[in-house]
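Counting from 1, the numbers follow the sequence of the chain as shown.
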Amino acid sequence: MKILYLTNCQEISFCVKAGSFVVLHTGVLSFVGACLLLVSCQVGVNPPSYVLPSAGLPSSVGAPEPGGTVPKPLPLPSRPPLGVDMPGPEPSPVSVPTVGGGNDVPIGALPTAVPVDSGSRGGSGGGGSKTTLPDQLRIQDIRWHSENMSVMGPDPTDALIPDYQGGAIELRLTGSFRTPQLQPLSLADFTLSPASSWQAETFLGEIPAGRVLLNESLLLTPAFVSATEIRVLLDPKYIPDLYLKGMHRLRVEHEDWYTDALLKVGDPIPPPESLAPVIMQVEVLRQSGEPRFIQLTGKHFMLYPKFSHATIDGEFGFGYRTQVTSDGVFTTQIHVPDPATFDDASDHLVIYTTPYGVAFYEF
């Protein structure tokens, strides 16, 4: 497996085989009353660019007030109700890359395609041929189509302006978008059918074959695909991740290959309310009789799990998936740290932290 260490915030545009991965610069965000270490694949993200003065500890400690309006639980379509075993294998938690030393690769030294041993994708195998591939995938520029201004790289001519209340942004990617056989990619490769019914959700899986992802978590909607151009729609509605001003990573994937680049987000439109997370309800999701996830229902959860931090009874829980409805009701799933001992206690405490605040809930 090749490990590439990228140690600055310069634009990146290259193509690598699945089985390699990129470890990026890490950052530390400080919070009032908590110190949250966010190890992510995003480069150069600044502190929240807009937090209302009222942002702070939400009034969601303990059970909801009697008579209050609490949304009904929103179990995922593939998840059974509380108390029913969850079929299928347990999903793997989101891995946190670690940075080693002595293997830094200068940005300018990266080739267009990084050849990978045939056995590097896991399991057995090893030592395949190393043939440099042609220039099949490369992002040359990213433009905010309505303004026709470049938003790519650490010092672009413009920056995206997201709006938490919605308003689709069309991004125009130019470059080379071809298969290893140099055939043009098509819109059908990038179309997800059936389309998701959620306003936004953390992307999981490998379908469709072609994907344009923001921060490895948000699947953008394709509008046009050719050998030299891809246009996608980004709706910032109910995506608190986009209120982190700075550099975000945009990635084009096709089957086993991908290329990525940095996209700049500027000062967003002020949201109508504080973006501090609020927990309204907690469910325990079980698999084969064991508690595997807790599912939080509430407001303003992060779609990219590495932009948040959760503990259950004082132990860190890996974030798994976040989804939000068209009405702004969020659900997020967090791995139970120790399923074998979880049921030994009758009372539990979850603490969920984002760059905008901290929410507590006893259940």
Side-chain angles (χ1 to χ4, degrees), residues 6-12 24-32 34-56 139 141-147 149-171 173 200 202 212-218 220 232-251 260-277 299-309 319 322 324 330 353-358:
L6 307 183
T7 58
N8 57 33
C9 297
Q10 298 181 11
E11 62 187 45
I12 301 166
L24 304 175
H25 180 273
T26 59
V28 177
L29 295 178
S30 298
F31 302 96
V32 176
C35 179
L36 170 62
L37 175 63
L38 297 178
V39 183
S40 74
C41 290
Q42 180 176 7
V43 177
V45 174
N46 295 327
S49 54
Y50 193 88
V51 180
L52 294 181
S54 60
I139 300 174
D141 196 9
I142 304 172
R143 290 183 176 267
W144 181 6
H145 197 52
S146 60
E147 302 292 333
M149 301 290 283
S150 177
V151 294
M152 175 174 163
D155 190 24
T157 56
D158 202 0
L160 293 186
I161 303 176
D163 185 351
Y164 200 69
Q165 297 186 81
I169 297 172
E170 184 175 74
L171 298 177
L173 286 63
T202 307
V212 180
L213 295 171
L214 185 63
N215 297 328
E216 304 180 24
S217 58
L218 182 62
L220 305 190
V232 290
L233 299 178
L234 165 63
D235 189 349
K237 188 175 185 179
Y238 304 139
I239 303 179
D241 308 50
L242 290 176
Y243 274 63
L244 293 175
K245 178 182 175 180
M247 306 308 299
H248 294 245
R249 182 164 301 284
L250 191 70
R251 176 164 165 159
D260 55 8
L262 300 180
L263 176 151
K264 187 172 184 178
V265 173
D267 293 316
I269 296 174
E273 59 183 346
S274 167
L275 295 184
K299 301 177 67 176
H300 313 313
F301 301 148
M302 308 298 284
L303 268 72
Y304 188 33
K306 295 177 186 177
F307 287 167
S308 63
H309 184 276
T322 296
V324 56
F330 287 72
T353 307
T354 75
Y356 312 104
V358 184

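- For A276 against G357, the heavy-atom pair with the smallest separation is CB-CA, 4.4 Å.
- Residues G166 and K237 come closest through the heavy atom pair CA-CB, 3.5 Å.
- The closest side-chain heavy-atom distance from F301 to T354 is not below 4.5 Å.
- At least one side-chain heavy atom of L242 sits less than 4.5 Å from a side-chain heavy atom of L234.
- Side-chain contact between Y356 and L244 is present, with heavy atoms from C-beta onward closer than 4.5 Å.
- Remark: the backbone N or O of I269 is not paired with any side-chain donor or acceptor of D163 at under 3.5 angstrom.
- Not one N or O on the side chain of Y243 forms a donor-acceptor pair closer than 3.5 Å with the backbone of L275.
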Exercise. Run the side chain to side chain contact (heavy atoms under 4.5 Å, CB included) check on R249 and L262 step by step: do they pass?
Worked result: CA-CA 5 Å; R249 182 164 301 284; L262 300 180; 3.3 Å; yes
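- With contacts defined as side-chain heavy-atom distances shorter than 4.5 Å, the pair T322/M302 does not qualify.
- Contact between L233 and E170 at its shortest, heavy atoms only, is CD2-CB, 3.8 Å.
- Rounding to the nearest 0.5 Å gives a distance of 7.0 Å between NZ of K245 and NZ of K264.
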Enumerate, atom names and distances included, each donor-acceptor pair closer than 3.5 Å involving a side-chain atom of residues 155-162, sequence neighbours excluded.
| from | atom 1 | to | atom 2 | distance (Å) |
| --- | --- | --- | --- | --- |
| T157 | OG1 | S150 | N | 3.2 |
| T157 | OG1 | S150 | O | 3.3 |

Problem set entry | Check against side chain to side chain contact (heavy atoms under 4.5 Å, CB included), N215 and L303 | CA-CA 9 Å; N215 297 328; L303 268 72; over 6 Å; no
For this session: Could you walk me through whether K306 and E216 pass the salt bridge (charged side-chain N to carboxylate O under 4.0 Å, His left out) test, one step at a time?
Result: CA-CA 10 Å; K306 295 177 186 177; E216 304 180 24; 5.1 Å; no
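- Residues V232 and L250 fail the side-chain proximity criterion, which asks for heavy atoms closer than 4.5 Å.
- T202 places no side-chain N or O within donor-acceptor distance of the main-chain N or O of S217, the cut-off being under 3.5 Å.
- Below 30°, between 30° and 60°, or above 60°: for Y164 and H300 the angle between ring planes is between 30° and 60°, a tilted geometry.
- In this structure a side-chain-to-backbone donor-acceptor pair under 3.5 Å is present from D241 to Y304.
- Here the closest non-hydrogen pair linking I239 and D235 is CD1-O, 3.2 Å.
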